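This report concerns only the one structure given below.
Remember, it's a predicted structure, so these values are computed and weren't measured experimentally. To find a chain, count down the sequence lines: A is the first, B the second, and so on, and within it residues start at 1.
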Protein chains: 2
Amino acid sequence: MANIDDVAKKAGVSKSTVSRVLLGGNKVKPSTKERVLKVIEEMNYSPNTAARTLAAGKSHNIGVISSYTLNDPFYSAAGEEIYHVCGEMGYSTLFVINRTDKNEHKDPIALLHGKVDGFLFMGDNSVTKEQLEKLTKMELPTAVFKTGEWIPGIIQADTDNIDGACRGTEYLIRLGHRRIAILTGKENYYESIDRMKGYQKALEENHIRFESELVFPGQFSYDKARNLAKEIIASRATAVFCFNDVMAHGFIQGAGECGYRVPEDISVLGYDNIMFSNYDSYVHLSTVKQPIKEMSAYLVRALIAQIEDGQPPVQKIFPTKISEKETTR
Amino acid sequence: MANIDDVAKKAGVSKSTVSRVLLGGNKVKPSTKERVLKVIEEMNYSPNTAARTLAAGKSHNIGVISSYTLNDPFYSAAGEEIYHVCGEMGYSTLFVINRTDKNEHKDPIALLHGKVDGFLFMGDNSVTKEQLEKLTKMELPTAVFKTGEWIPGIIQADTDNIDGACRGTEYLIRLGHRRIAILTGKENYYESIDRMKGYQKALEENHIRFESELVFPGQFSYDKARNLAKEIIASRATAVFCFNDVMAHGFIQGAGECGYRVPEDISVLGYDNIMFSNYDSYVHLSTVKQPIKEMSAYLVRALIAQIEDGQPPVQKIFPTKISEKETTR
DNA sequence: CTGAAAGCGCTTACAG
DNA sequence: CTGAAAGCGCTTACAG
């Protein structure tokens, strides 16, 4: 495979000059530039990025490490946006799958070290606290999505789950609902815990008694929600607040199978604002909206600001919004 | 950030020795190995992969270039398997999104050149023929999924779409169906064209007249299929053969909305054998099964065989199988 | 506008 | 079992 010396020789210039036309910035006499370009074309030359990265000390790549396989609806939206914003800013993305709970592959940090200028983690279990601390020690710019706790030296974007769930519940109360069932997330997840707190807070503030028989363990699962639908309807709830959209769709499906209609028979409020499944859905779900795109863009920009200008790591809590569509009344 | 010289100095050895303990293969006296390891740990040292790749001339990485954003059901299954098999064989994967029809990012080949030992493309438009030819010229091992045509020097896995559709149609005929509607794919896609040929072939062999009013343009789309359901049922077809599973699910949804049941009122056969949406589905779809996993594993193994042992590029056509589930009778 | 030279951080024969 | 040295293919001051 041709390298820079071959090109230089054939074009009758030094490799410095070849490098300059490749990099674009420095002035090269148009005629020699043209000649070099022609040789590059002819020889099918493509610079070795490992050498380039090593010599320049920067790769213009961001490593995106996800615990999700390629198809989580929340994080695939985030991944798309990360990819776009990186592109705009002249960076490429290298996606790596990592689950800290399995152990099939080597440490993604080791894998990418030297290949990327910064790390962006998304998804539960995509990174351990130890790994983050190691990254900080190594002074490698790092951003993470939604960890639930503030880690010094790390760029973070999160939403306030207590506030989001509180607003969601209040919204349902404002619509006149008093028996509001909830479909909860996985236990131990801080999102589940905080959303539960938000729900309880809203009830309290509106003097509605919390009833544990209205709490259904949905585990963030479509199928669990679908299977629980009958039971939830039997609880005489007039609305069900699902702690993610996936469960909301599962519930709607299950309710439909029992002959119930949404929102005529029961209102459904989701959480996340994902595009459900890979295809447009006819169900226009009312939901508590997390600004995935804004959060993603924020992380990328902050990361690149740290890489290029040494800006200190920042964090931001993003507000949620109620997106009122067709499943509530 | 510490480099190999820092480690060597602190451990009182040469960097050759540090390199040896890092690589693992060569014999290093246990006591010095231990000492070096301790220093590595202390200094939080992690070798620069760009330098390593450059020096060793190999990266032990496979670049996986997909035209799909992170959530196509067919290719996410493939991606998973690629990831696993690579892991088994000591390779890591770098995922890059590329659509040749857009042009936001730089050429993924340039992006990954020097970072990976081989390329694996998946998805329509993930790579152009020119790019493949360039890769061949550069002697970079390359594998592609389902291109529909044989390109010399490229490792390929595909299925026979004519045969698959023919068998699918025959299967329905054997069940007693005579009026078999089809929901076709995007025009111009070789899969669509070949599956259509297979359908016609099966009809012919069974002396059933082809009727163009039984052909519905589904475009591989869930929504299109859902919207066409009423019309298809009105055509008095007793079975509908969908050229992908996504449309089959869309049809079933649409039929359900019109009050029709599958398979009581109409049989439905899909094509692909994907896990529909990101969640388990209660619909157990009968389908023409493409062995995605086997194909993925085949590509990876062939690619690594070429990288490591200089094996010549191979190609294989995989057989499809009818997977009889609950939507046909 | 251009070239010679040093250096990026590793690996790997070679010699001992 | 270990070290000195060359080399991987680039970039980037420095000098002209």
Side-chain angles (χ1 to χ4, degrees), chain A residues 1-37 39-40 43-61 109-117 138-140, chain B residues 1-37 39-40 43-61 109-117 138-140:
Chain A
M1 224 157 30
N3 68 19
I4 198 170
D5 282 307
D6 301 330
V7 174
K9 206 163 296 166
K10 190 154 176 192
V13 296
S14 72
K15 62 180 171 183
S16 315
T17 298
V18 176
S19 181
R20 282 186 195 103
V21 348
L22 248 18
L23 267 2
N26 296 287
K27 314 113 214 320
V28 179
K29 205 207 297 182
S31 62
T32 67
K33 179 172 174 179
E34 212 170 310
R35 186 152 34 97
V36 171
L37 251 15
V39 174
I40 287 175
M43 305 187 78
N44 247 317
Y45 168 69
S46 177
N48 180 309
T49 54
R52 176 174 277 190
T53 297
L54 181 59
K58 58 190 178 223
S59 64
H60 274 261
N61 288 153
I109 299 171
L111 168 62
L112 291 174
H113 178 206
K115 288 202 192 70
V116 300
D117 299 335
M138 294 166 85
E139 294 174 24
L140 286 169
Chain B
M1 225 155 32
N3 68 18
I4 198 171
D5 282 306
D6 301 330
V7 173
K9 205 163 295 165
K10 191 153 175 193
V13 295
S14 73
K15 62 180 172 183
S16 315
T17 298
V18 176
S19 182
R20 283 186 195 102
V21 348
L22 248 18
L23 267 2
N26 296 287
K27 312 114 215 317
V28 178
K29 205 208 297 184
S31 62
T32 66
K33 179 171 173 181
E34 210 171 310
R35 187 150 36 97
V36 171
L37 251 16
V39 174
I40 287 174
M43 304 185 80
N44 246 315
Y45 168 69
S46 177
N48 180 310
T49 54
R52 175 174 278 189
T53 296
L54 180 60
K58 58 189 178 224
S59 64
H60 274 259
N61 288 153
I109 299 171
L111 168 62
L112 292 174
H113 178 207
K115 290 200 190 74
V116 301
D117 300 336
M138 294 166 84
E139 294 174 25
L140 286 169

A:Lys10 NZ: over 12 foreign heavy atoms closer than 6.0 Å
yes
From CD1 of A:Ile40 over to P of D:dC10, roughly how many Å is that when rounded to an integer?
10 Å
Between B:Val13 and A:Lys58, which residue's closest nucleotide on DNA chain D lies nearer the 5′ terminus?
B:Val13
With a 4.0 Å cut-off on heavy atoms, is A:Leu22 in touch with a base, just the backbone sugar-phosphate, or nothing at all?
nothing
Does the structure show a Watson-Crick or G-U wobble partner for C:dC1, both distances under 3.5 Å? Name it, or say none.
D:dG16
For the residue pair B:Asp6 and B:Met43, establish whether any side-chain heavy-atom pair is separated by less than 4.5 Å.
yes
Across the strands shown, which category fits B:Thr17 at heavy-atom distances under 4.0 angstrom: base, sugar-phosphate, nothing?
sugar-phosphate
Do A:Asn3 and A:Asn48 have side-chain heavy atoms sitting under 4.5 Å apart?
no
Where the side chain of B:Ala51 is concerned, which of C:dG9, D:dT11, D:dG9 is the nearest nucleotide?
C:dG9
Of the listed D:dC10, D:dG3, C:dT11, the closest approach to the B:Ser14 side chain comes from D:dG3
Taking D:dT2, D:dG3, C:dT11 as options, the one with an atom nearest any side-chain atom of B:Ala56 is C:dT11
Whole-Å distance between D:dG7 P and A:Asn3 CG?
14 Å
Nearest-Å distance for atom pair NE2/P, residues A:His60 and D:dC10
17 Å
Rounded off to whole Å, could you give me the CG-to-C1' distance for the A:Asp6 and D:dG9 pair?
11 Å
May I have the distance from B:Tyr45 (atom OH) to C:dC10 (atom C1'), rounded to whole angstrom?
7 Å
Main-chain N/O of B:Ala50 paired to A:Thr53 side chain as donor or acceptor, under 3.5 Å:
no
B:Thr53 near the nucleic acid: base, sugar-phosphate alone, or nothing, with a heavy-atom cut-off under 4.0 Å?
nothing
OP1 or OP2 of C:dT11 versus the side-chain N and O atoms of B:Ser19: is any pair under 4.0 Å?
yes
For A:Thr49, which contact category applies under a 4.0 Å heavy-atom criterion: base, sugar-phosphate, or nothing?
nothing
Taking C:dT12, C:dC10, D:dC10 as options, the one with an atom nearest any side-chain atom of B:Asn48 is C:dC10
Hey, are B:Lys115 and A:Asn61 close enough side-chain-wise for a donor-acceptor pair under 3.5 Å?
yes
Hey, which of these two, B:Leu54 or B:Ser16, hits DNA chain C nearer its 5' end, going by closest nucleotide?
B:Leu54
Nucleotide C:dC8, atom C1' - distance to NZ of A:Lys15 in whole Å
13 Å
In whole angstroms, how far is the P atom of D:dT2 from the CD1 atom of B:Ile4?
15 Å
Nucleotide D:dT11, atom P - distance to CZ of A:Arg20 in whole Å
11 Å
